[in-house]
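Worksheet: the structure to be examined is printed underneath.
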Amino acid sequence: MQLSRRTFLGGGLAAAAVAVTGTPLISGCAADKKNQAAANLAVKLPTYSRFTGVKPDLPGTDLVLDGFLKYPADPLKAIADKPGDGKPITFLTNIPGAIPPALDKNQFWQALNERLGSELQISMASNDEYKDKFATRIAGGDLPDILNIPVDTVQIPGLVKAKCMDLTEQLSGDAVKKYPFLANIPTEYWKGCVFNGGIYGVPVPRGMSRTSLPLYRADLLAAKGIKDPAPKNFQEFFDLAKELTAAKQNKWAWTRVPLSTIRQMLGVPNVWQEDGGKFTSMYEHEAQAEALEAGRKMVAAGVVNPDAFNDKATARKQWFNGGVAAFDYDSFVAWNQYYADNTAGDAFSVNMLDVPGFDGGEGAPWMGSALNNVTAFSKNSKHSVDTLLKVANWMAAPFGTEEYLFRKYGVEGRHYALVGTDPVPTKIGVVETGIGLQYISDSALALYWSGKPDVPQKQHAIQEKVAPKLTFDASYGLYSDTQSKKQTQLAKTLTDLENQIVQGSKPVSDWTAAVSTWKSSGGDAMRSELEQAFSDAAGR
């Protein structure tokens with residue numbers, strides 16, 4: 001059976017799995033789905049054992065992340081033995097920045113292999129290109145030892161059942177304590193790794209670190225005499241954007257239409273909202289028309305870079321870093337990445353806005369998605385499950401450890417220079433260390449930026465401010481077969497329409513009919529399946 005990437009993306013992962021394994025990914029039988037849901041609920045998740053070896057300067061909470069003003073002077077050597085087994089280990093991943101130098105020209109990668117005790121052979125692609133590369137590799141049956149699976153992959157349960165190791169025995173309950181830094185990942189994140197009645201992956205946690213709000217170039221605003229922007233409603237938010245736009249100089253306020261921010265101003269749900277066991281999609285919310293009208297107003301006023309509808313995420317990041325745009329809607333992870341990619345020098349400064357209510361008062365910011373990805377291990381790997389879990393555990397060593405210092409910053413003298421106790425990356429360090437290790441496994445993000453204590457202070461302050469107001473996606477940890485199969489394409493259809501609406505080529509009134517089509521094409525089925533899964537979980 002010949003499978004192209006188009007077949008994979010259009011026809012779904014099910015066809016690819018039939019080609020690779022000879023069996024469909026998941027049965028369509030309602031009884032099988034119900035049995036599988038019950039089996040998932042019965043899984044004992046890994047026991048959470050918080051690492052207490054390093055004391056934060058800015059203590060966090062269950063939501064707010066720990067902040068550190070400087071790196072500890074004597075980082076703890078947390079893992080004595082090399083986790084590898086001497087044989088090459090293959091890994092497929094995305095990376096957020098530019099493609100780094102290959103292994104033979106990359107001294108960080110070489111030093112990593114020495115520390116691991118195995119050569120890590122990485123096949124990588126940019127964020128924009130990774131899903132295509134992932135689809136091609138899966139369709140061809142060409143799986144690495146370690147696989148970075150995007151959380152929106154079609155029918156993950158069938159993929160991991162057919163091709164990946166079941167890790168339940170090694171990770172369930174107290175068994176995870178053999179891997180102390182995997183045990184340091186809070187239990188909530190492991191819910192996204194349970195499929196087919198077992199634990200089939202290691203979570204790469206995000207949560208609060210992936211919470212997205214308006215990031216802004218504080219240095220560019222300060223140059224216009226704006227020190228602490230705090231719009232109290234949409235009109236002030238809009239006026240601020242107009243003040244920061246100078247189209248004749250190729251300067252715009254926004255990298256893209258801030259529809260997500262506007263929706264949060266209006267209290268639109270974070271993906272799915274649950275009330276009394278009933279689920280409502282963000283698409284159905286009564287404020288959607290008002291949000292689209294406000295987005296169209298911003299485009300018509302020329303405050304959004306006109307190339308926003310043509311270019312990819314990497315271009316938007318370049319506009320923000322290069323000062324072409326002053327605002328970007330992104331996360332705390334991106335906040336740090338912007339500093340890593342900074343080309344503007346010491347003046348470069350980033351901060352983040354809170355979300356006001358549309359007409360005043362408070363908005364309802366969305367909690368970030370729990371996981372960046374699920375990391376799974378191929379059934380056909382020649383490595384033991386223990387070896388692969390030891391590698392993941394090594395990658396999850398938290399802030400303040402010697403392993404974290406190396407993994408994030410490399411080798412002193414080449415990849416960073418110590419200023420006091422802080423590792424300050426060199427240009428070659430930024431380039432060579434960007435090989436995607438954080439997508440094998442990772443600890444919760446620490447709020448820190450080397451040599452700039454004001455960065456974690458700003459980050460911690462905005463997190464404390466928004467934490468009490470966060471709204472959560474009620475569907476997290478609940479599996480809907482229809483959502484797995486259809487949501488990506490259905491969401492794209494609505495995103496395409498909203499882009500046409502805000503650009504003025506379609507009327508806002510078209511949204512109502514499009515949502516009706518979404519409901520009949522799968523939305524109502526998703527709702528029903530999520531409500532059933534929620535009921536099953538509540539009645540457990």
Tell me, with the steps shown, if Lys408 and Tyr71 meet side chain to side chain contact (heavy atoms under 4.5 Å, CB included).
-> CA-CA 12 Å; Lys408 300 292 186 180; Tyr71 208 87; over 6 Å; no

Arg50 and Asn184: CA distance, side-chain angles, deciding distance, side chain to side chain contact (heavy atoms under 4.5 Å, CB included) verdict | CA-CA 5 Å; Arg50 182 178 173 87; Asn184 184 49; 4.3 Å; yes

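Looking at Gln463, its side chain does come within 3.5 Å of a backbone N or O of Leu65 through a donor-acceptor pair. Within the 3.5 Å criterion, the main-chain N or O of Ala125 finds no donor-acceptor partner in the side chain of Glu129. Counting only distance, with no hydrogens or angles, the side chain of Thr375 and the backbone of Tyr439 share a donor-acceptor pair below 3.5 Å. Remark: the backbone N or O of Asp422 is not paired with any side-chain donor or acceptor of Ser450 at under 3.5 angstrom. The backbone N or O of Leu69 lies less than 3.5 Å from a partner atom in the side chain of Asp57, making a donor-acceptor pair. For the pair His460 (side chain) and Pro59 (backbone), a donor-acceptor distance under 3.5 Å is present. Side-chain N or O atoms of Trp449 include none that pairs as donor or acceptor with a backbone N or O of Asp454 at under 3.5 Å.
Aromatic ring orientation, Phe234 versus Phe358: parallel (interplanar angle below 30°, classes split at 30° and 60°). Below 30°, between 30° and 60°, or above 60°: for Tyr130 and Phe134 the angle between ring planes is between 30° and 60°, a tilted geometry.
For the residue pair Asp145 and Thr90, a side-chain donor N or O sits within less than 3.5 Å of a side-chain acceptor on the partner. In the model, Asp239 has a side-chain atom that pairs as donor or acceptor with a side-chain atom of Gln235 under 3.5 Å. If you check the side chains of Asn499 and Gln503, you find no donor sitting under 3.5 Å from an acceptor. If you check the side chains of Lys458 and Ser349, you find a donor sitting under 3.5 Å from an acceptor.
In summary, the aromatic rings of Trp254 and Phe237 are positioned with their centroids under 6.0 Å apart. Proximity of the aromatic rings of Phe406 and Phe108 is defined here by a centroid distance below 6.0 angstrom, and this criterion is met.
Using a 4.0 Å cut-off between charged side-chain N and carboxylate O, Asp442 and Arg407 make a salt bridge. Taking a cutoff of 4.0 Å between a charged side-chain nitrogen and a carboxylate oxygen, Asp219 and Arg217 qualify as a salt bridge. Salt-bridge formation is detected for the pair Lys131/Asp152: a Lys NZ or Arg NE/NH1/NH2 atom is positioned less than 4.0 Å from an Asp or Glu carboxylate oxygen. Under the 4.0 Å criterion applied to side-chain N and carboxylate O atoms, Lys317 and Asp330 are assigned as salt-bridge partners. No salt bridge links Lys390 with Asp81; every basic N to acidic carboxylate O contact stays at or beyond 4.0 Å.
For the pairing with Glu498, the salt bridge (charged side-chain N to carboxylate O under 4.0 Å, His left out) check across Lys492, Arg263, Arg296 returns one residue only, Arg263. Tested against Phe399 for a ring-ring contact (aromatic ring centres under 6.0 Å, His included), the candidates Tyr404, Tyr409, Phe51 yield a single pass: Tyr404.
Heavy-atom neighbours of Asp104 CG from other residues, nucleotides or ligands within 6.0 Å: above the threshold of 12. Counting non-hydrogen atoms of neighbouring residues, nucleotides and ligands closer than 6.0 angstrom, the NZ atom of Lys77 exceeds 12 such neighbours. No more than 12 heavy atoms of other residues, nucleotides or ligands sit less than 6.0 Å from atom CD of Glu114. The 12-atom threshold is exceeded at CG of Asn310, counting heavy atoms of other residues, nucleotides or ligands nearer than 6.0 Å. With a 6.0 Å radius and a threshold of 12 heavy atoms from other residues, nucleotides or ligands, Lys465 has its NZ atom at or below the threshold.
Within the model, atoms CG of Leu58 and CG of Asp66 stand 9.0 Å from one another, a figure rounded to the nearest 0.5 Å.
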